[in-house]
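Report on one structure; see the data block that follows.
Per chain, numbering begins at 1; letters A, B, ... match sequence-line order.
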2 protein chains.
Amino acid sequence: MENIKEDRRIRRTKKLLKHALAQLMDEKEFKDITVKDITERADLNRGTFYLHYTDTYDILNKIENEILENIQNMINQDMEKTDMTDSDSVPALKPIAEYIMDNADICRCLINNKASVDFIDKFQNLIYVNCSDIIKRRHNVKNTTRNEYYFSFITLGIIGMVKKWLETQPMASPDEIVFLVEQIMTYSSAVLK
Amino acid sequence: MENIKEDRRIRRTKKLLKHALAQLMDEKEFKDITVKDITERADLNRGTFYLHYTDTYDILNKIENEILENIQNMINQDMEKTDMTDSDSVPALKPIAEYIMDNADICRCLINNKASVDFIDKFQNLIYVNCSDIIKRRHNVKNTTRNEYYFSFITLGIIGMVKKWLETQPMASPDEIVFLVEQIMTYSSAVLK
DNA sequence: GCAATAATCAACATTATGTTTATTATTATC
DNA sequence: GATAATAATAAACATAATGTTGATTATTGC
């Protein structure tokens with residue numbers, strides 16, 4: 001997805017800009033953050049920003065996509081290893097929960113972001129795409145409109161739980177959340193037909 | 001909440017501005033909508049906008065709050081009528097679903113809005129505040145951290161379902177959605193302790 | 001070391017914002 | 001229907017952010 005070898009200066013600049021934005025999002029709403037704010041915080045020239053991003057929404061979008069790509073990669077790795085037919089747990093959940101825990105600050109500001117692009121939408125879609133097939137196969141469930149509604153319920157519900165997790169200080173351990181998510185998935189799949 | 005008698009000109013102006021914004025949100029992302037866009041569409045002077053709202057986020061916020069206030073009022077009315085201890089259904093759901101159906105265009109653009117304030121957050125909070133007490137009493141459930149996680153799951157999950165409902169054309173009838181929501185609430189409450 | 005290129009700096013035109021003042025049009029109320 | 005109150009208009013303004021350009025300096029990969 002990314003160029004394997006970007007110039008060191010580019011890597012440094014992008015990292016500085018992203019860190020600056022994450023800092024600022026902790027301090028004020030995204031909509032009130034300007035390109036000038038970001039470059040001043042990163043101690044870079046304003047023009048430099050435009051060498052890499054078109055506007056503030058572009059850089060935010062790219063931060064979001066990186067996080068979600070990392071999570072998707074964990075799922076893909078897990079898919080190869082796992083025989084889906086026998087186990088009832090989802091092995092990818094543990095590394096994902098640990099990843100979210102490790103990146104709690106950035107995940108929290110993305111998921112709580114009041115004025116921006118659609119991190120939650122993209123996250124829900126990721127869960128939807130990766131889970132619906134697995135669940136359907138496991139529980140021998142059909143593609144009905146009714147079940148589509150329930151999937152929308154479950155997938156956004158899981159994000160609600162993760163959101164709560166990130167908001168509750170001190171945060172529970174990844175293992176605890178994995179347990180709760182698996183439990184809720186088991187219970188909820190009972191509504192599917 | 002609102003002044004009982006606003007000048008007719010003010011009522012007209014506010015209505016024109018709100019309709020113009022709703023129209024524009026169907027055409028492009030909220031973040032790209034300017035005050036000029038709104039007043040041009042409403043065929044009003046740009047200065048007039050500032051007589052009533054501070055910026056685009058302010059008017060959006062007020063549209064959101066109106067919708068949610070109307071829903072809250074339905075719940076309040078229902079609370080007075082209902083004896084909570086015996087029934088297992090939630091009578092407010094039907095009028096709420098009908099209200100959402102009647103205002104599907106505006107609700108859809110608020111719930112799908114990619115770049116704005118927090119309609120979904122506020123909506124989730126409304127459900128949370130109004131449902132948690134009822135459910136806790138009904139199922140004799142305690143205030144544990146674990147249950148808080150589940151409430152976050154259920155409340156955002158319901159919004160996921162409503163979102164799906166609004167996206168699916170042609171929309172299902174309010175009665176169908178009420179049935180699904182009640183079913184999911186019954187099933188889900190099984191995870192509470 | 002050197003060619004390539006990223007970052008800086010200063011300057012610029014463009015656009016949106018938010019405010020002000022004087023003027024016109026509409027309203028509520030008597 | 002006349003009138004005082006006030007909402008909407010129009011034009012002008014300062015301010016600030018945006019996005020771009022061209023020349024210069026600094027860093028990088030090889």
Side-chain angles (χ1 to χ4, degrees), chain A residues 1-64 66 113-117, chain B residues 1-64 66 113-117:
Chain A
M1 192 115 275
E2 289 185 22
N3 287 333
I4 303 166
K5 274 292 169 200
E6 266 178 333
D7 192 302
R8 182 191 297 164
R9 286 168 293 183
I10 296 181
R11 291 200 305 272
R12 176 179 174 273
T13 298
K14 285 187 177 174
K15 186 187 279 186
L16 286 171
L17 291 171
K18 284 172 185 167
H19 274 95
L21 176 57
Q23 257 188 40
L24 287 164
M25 284 178 75
D26 249 9
E27 296 168 21
K28 56 177 168 178
E29 286 189 35
F30 177 79
K31 73 178 172 70
D32 297 323
I33 297 172
T34 65
V35 173
K36 197 184 164 206
D37 286 337
I38 297 172
T39 51
E40 269 182 1
R41 179 65 62 99
D43 199 22
L44 291 170
N45 189 276
R46 189 169 64 85
T48 306
F49 180 92
Y50 293 102
L51 296 175
H52 304 289
Y53 306 104
T54 60
D55 54 30
T56 55
Y57 288 88
D58 184 41
I59 183 171
L60 177 63
N61 217 16
K62 281 172 178 160
I63 292 174
E64 293 180 349
E66 264 175 45
N113 179 15
K114 304 280 184 220
S116 87
V117 280
Chain B
M1 191 117 278
E2 289 184 24
N3 286 334
I4 302 167
K5 276 290 170 202
E6 266 179 333
D7 192 302
R8 181 191 296 165
R9 287 167 294 183
I10 297 181
R11 290 201 305 273
R12 176 179 173 274
T13 297
K14 284 187 178 175
K15 186 189 279 187
L16 286 171
L17 290 172
K18 283 173 186 168
H19 274 94
L21 176 57
Q23 257 190 39
L24 288 164
M25 284 178 74
D26 248 9
E27 297 168 21
K28 56 177 169 178
E29 288 189 34
F30 177 79
K31 73 179 172 68
D32 297 323
I33 297 172
T34 65
V35 173
K36 197 184 163 207
D37 287 336
I38 298 171
T39 52
E40 270 183 359
R41 180 64 62 100
D43 198 22
L44 291 169
N45 189 276
R46 191 169 64 86
T48 306
F49 180 92
Y50 293 102
L51 297 175
H52 305 290
Y53 307 104
T54 60
D55 54 30
T56 56
Y57 290 87
D58 184 40
I59 183 171
L60 177 63
N61 216 17
K62 280 171 179 160
I63 292 174
E64 293 181 348
E66 264 174 45
N113 178 15
K114 305 281 184 219
S116 86
V117 281

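Rounded to whole Å, the distance from NZ on B:K36 to P on C:dA16 is 5 Å. In this structure, the CG atom of A:D32 is 16 Å from the C1' atom of D:dT18, given to the nearest Å. Atoms NZ (A:K31) and P (C:dT17) sit 12 Å apart, rounded to a whole Å. Taking atom CZ on B:R12 and atom P on C:dA25, their separation rounds to 14 Å, with Å as the unit. Rounding to whole angstrom units, CD1 of residue B:I10 and P of C:dA28 are separated by 10 Å. Between the CG atom of B:D55 and the P atom of D:dA16 there is a distance of 17 Å, given to the nearest Å. Following rounding to the nearest Å, B:D58 (CG) and C:dT17 (P) show an atom-to-atom distance of 13 Å.
Residues of residues 37-52 of chain B that place a heavy atom closer than 4.0 Å to DNA chain D, in numerical order, are B:L44, B:N45, B:T48, B:L51, B:H52.
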request  = Output, in order, the C-alpha distance, side-chain angles, deciding distance and verdict of side chain to side chain contact (heavy atoms under 4.5 Å, CB included) for A:K31 and B:F30.
outcome  = CA-CA 11 Å; A:K31 73 178 172 70; B:F30 177 79; over 6 Å; no

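The two residues A:I33 and A:T56 come nearest to each other via the heavy atoms O-CG2, 3.7 Å. Considering all non-hydrogen atoms of both residues, B:F49 and B:T54 come closest at CE2-C, 4.3 Å.
Under the 3.5 Å distance criterion, the side-chain polar atoms of A:N61 are left unmatched by any main-chain donor or acceptor of A:D58.
Contact annotation: the side chain of B:Q23 never approaches that of B:H19 to less than 4.5 Å [non-hydrogen atoms, C-beta and beyond]. No side-chain heavy atom of A:L16 sits less than 4.5 Å from a side-chain heavy atom of A:T13.
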What does the list of N/O pairs under 3.5 Å between the protein and nucleotides 28-30 of chain D look like, with a distance for each?
none

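By the 6.0 Å contact criterion, NZ on B:K62 is enclosed, its count of non-hydrogen atoms from other residues, nucleotides or ligands being greater than 12.
Applying side chain to side chain contact (heavy atoms under 4.5 Å, CB included) to A:L17 and the options A:I59, A:V35, A:T48 leaves one that passes, A:I59.
Residues B:T54 and A:K14 both approach DNA chain C. Their nearest nucleotides, taken by heavy-atom distance, put A:K14 toward the 5′ side.
Salt bridge status for A:R41 with A:E27: present, with a side-chain N to carboxylate O gap under 4.0 Å.
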